[in-house]
Amino acid sequence: ISFWWDYFIFYYFHNINKGLWSSYLLIYVLNINIMIVSLDFDGTLVRTDNFPVFDPTPLPGLLEALEWMKDNLGAKFILLTQRDHDHVYNPLLGKAVWKKKGDIHSSVLQTAINWCKDNGIDLYAVNENPSQRGWSTSRKVYSDLIIDDRSLLPLDGYGCVDWVETLKIIKNRYGKQ
């Protein structure tokens with residue numbers, strides 16, 4: 001118990017001005033498990049054949065897998081995507097174009113955020129991890145797990161993440177059945 005007390009005192013006095021001591025207390029002393037999972041959008045959550053247009057149907061097994069991770073691993077989800085607020089979809093051109101001042105259309109990023117909300121995916125953050133501000137200035141987003149169609153995960157016949165197989169890998173890796 002002296003280890004935890006020393007740990008608490010160290011972080012309390014070093015981070016009291018940053019307001020971080022309560023986070024360290026919860027995570028390290030009470031041993032609360034929180035897993036940060038970063039999710040790509042195109043090809044990971046939805047099928048996208050012609051960026052930025054996507055099929056609004058969630059990939060098979062996606063919602064079940066995210067629910068399992070949330071319930072069993074304490075997952076918090078970060079949308080980690082190349083989509084941005086600087087582009088909008090132009091249906092006449094059939095592609096994303098630079099957003100102009102006064103444009104009332106949703107950005108390609110806002111469209112992805114809205115899709116997540118509409119499908120019950122509660123996002124902790126978008127393209128950042130707010131909890132790392134206190135200990136890192138790196139642009140690389142800290143995550144315990146990154147799920148992306150460009151990684152070595154199993155893919156379906158369309159080149160998208162196969163969520164049924166991916167969930168099996170996650171369960172095997174983290175020892176939860």
Review point. What closest approach, in Å, do Thr111 and Phe54 show between heavy atoms, and which atom pair accounts for it?
Key: CG2-CE2, 3.7 Å

Review point. With the 4.5 Å side-chain cut-off for hydrophobic clustering, are Trp115 and Ile113 part of the same group?
Key: yes

Check your understanding: Between Asp148 (side chain) and Asp40 (backbone), is there a donor-acceptor pair under 3.5 Å?
Key -> no

**Study point:** Check: Ile147 and Ile170 side chains under 4.5 Å, non-hydrogen atoms
**Key:** yes

Check your understanding: In terms of hydrophobic clusters joined by side-chain contacts under 4.5 Å, are Ile146 and Val126 together?
Key -> no

Review point. Does a side-chain N-to-carboxylate-O contact under 4.0 Å join Lys70 and Glu67?
Key: no

Exercise for review: Compare all side-chain heavy atoms of Val97 with those of Val88 and state whether any distance is below 4.5 angstrom.
Suggested key: yes

Check your understanding: About how many Å separate CG of Asp122 and CG of Leu66, when rounded to the nearest 0.5 Å?
Key -> 11.0 Å

Review point. Shared ILVMFWY cluster between Ile169 and Val164, side chains joined below 4.5 angstrom?
Key: no

Review point. Would a distance-only check, ignoring hydrogens and angles, find a side-chain to backbone donor-acceptor pair under 3.5 Å from Ser107 to Gln110?
Key: yes

Point to revise | Asp162 backbone acceptor or donor facing Asp156 side chain under 3.5 Å | key: no

Revision key, fill the gap. The reported gap from CD in Gln82 to CG in Asp42 (rounded to nearest 0.5 angstrom) is 10.0 Å

Practice item. May I ask you to test the Ile78-Lys76 pair for a side-chain heavy-atom distance under 4.5 Å? Key: no

**Study point:** Pairwise side-chain contact, Leu59 with Val46, heavy-atom cut-off 4.5 Å (strictly under)
**Key:** no

**Study point:** Interatomic distance, Leu63 atom CG to Ile121 atom CD1 [nearest 0.5 angstrom]
**Key:** 5.5 Å

Practice item. Nearest 0.5 Å please: distance from the CE atom of Met69 over to the CG atom of Leu39. Key: 6.5 Å

Check your understanding: Between Asp84 and Leu109, is there a donor-acceptor pair closer than 3.5 Å when you use the side chain of the first and the backbone of the second?
Key -> no

Review point. Is there a donor-acceptor pair closer than 3.5 Å between any side-chain N or O of Trp68 and the backbone N or O of Leu73?
Key: no

Check your understanding: Applying the 4.5 Å side-chain criterion to the ILVMFWY set and letting contacts propagate, would Leu79 and Trp163 be lumped into a single cluster?
Key -> yes

Practice item. Any chance you could lay out the side-chain contact (heavy atoms from CB on, under 4.5 Å) test for Tyr124 and Asn129, step after step, and finish with the verdict? Key: CA-CA 8 Å; Tyr124 171 58; Asn129 182 340; 3.6 Å; yes

Practice item. Kindly compute the distance separating CG (Asn127) from CZ (Arg83), expressed to the nearest 0.5 Å. Key: 11.5 Å

Review point. What distance separates Leu45 CG from Phe77 CZ, expressed to the nearest 0.5 Å?
Key: 10.0 Å

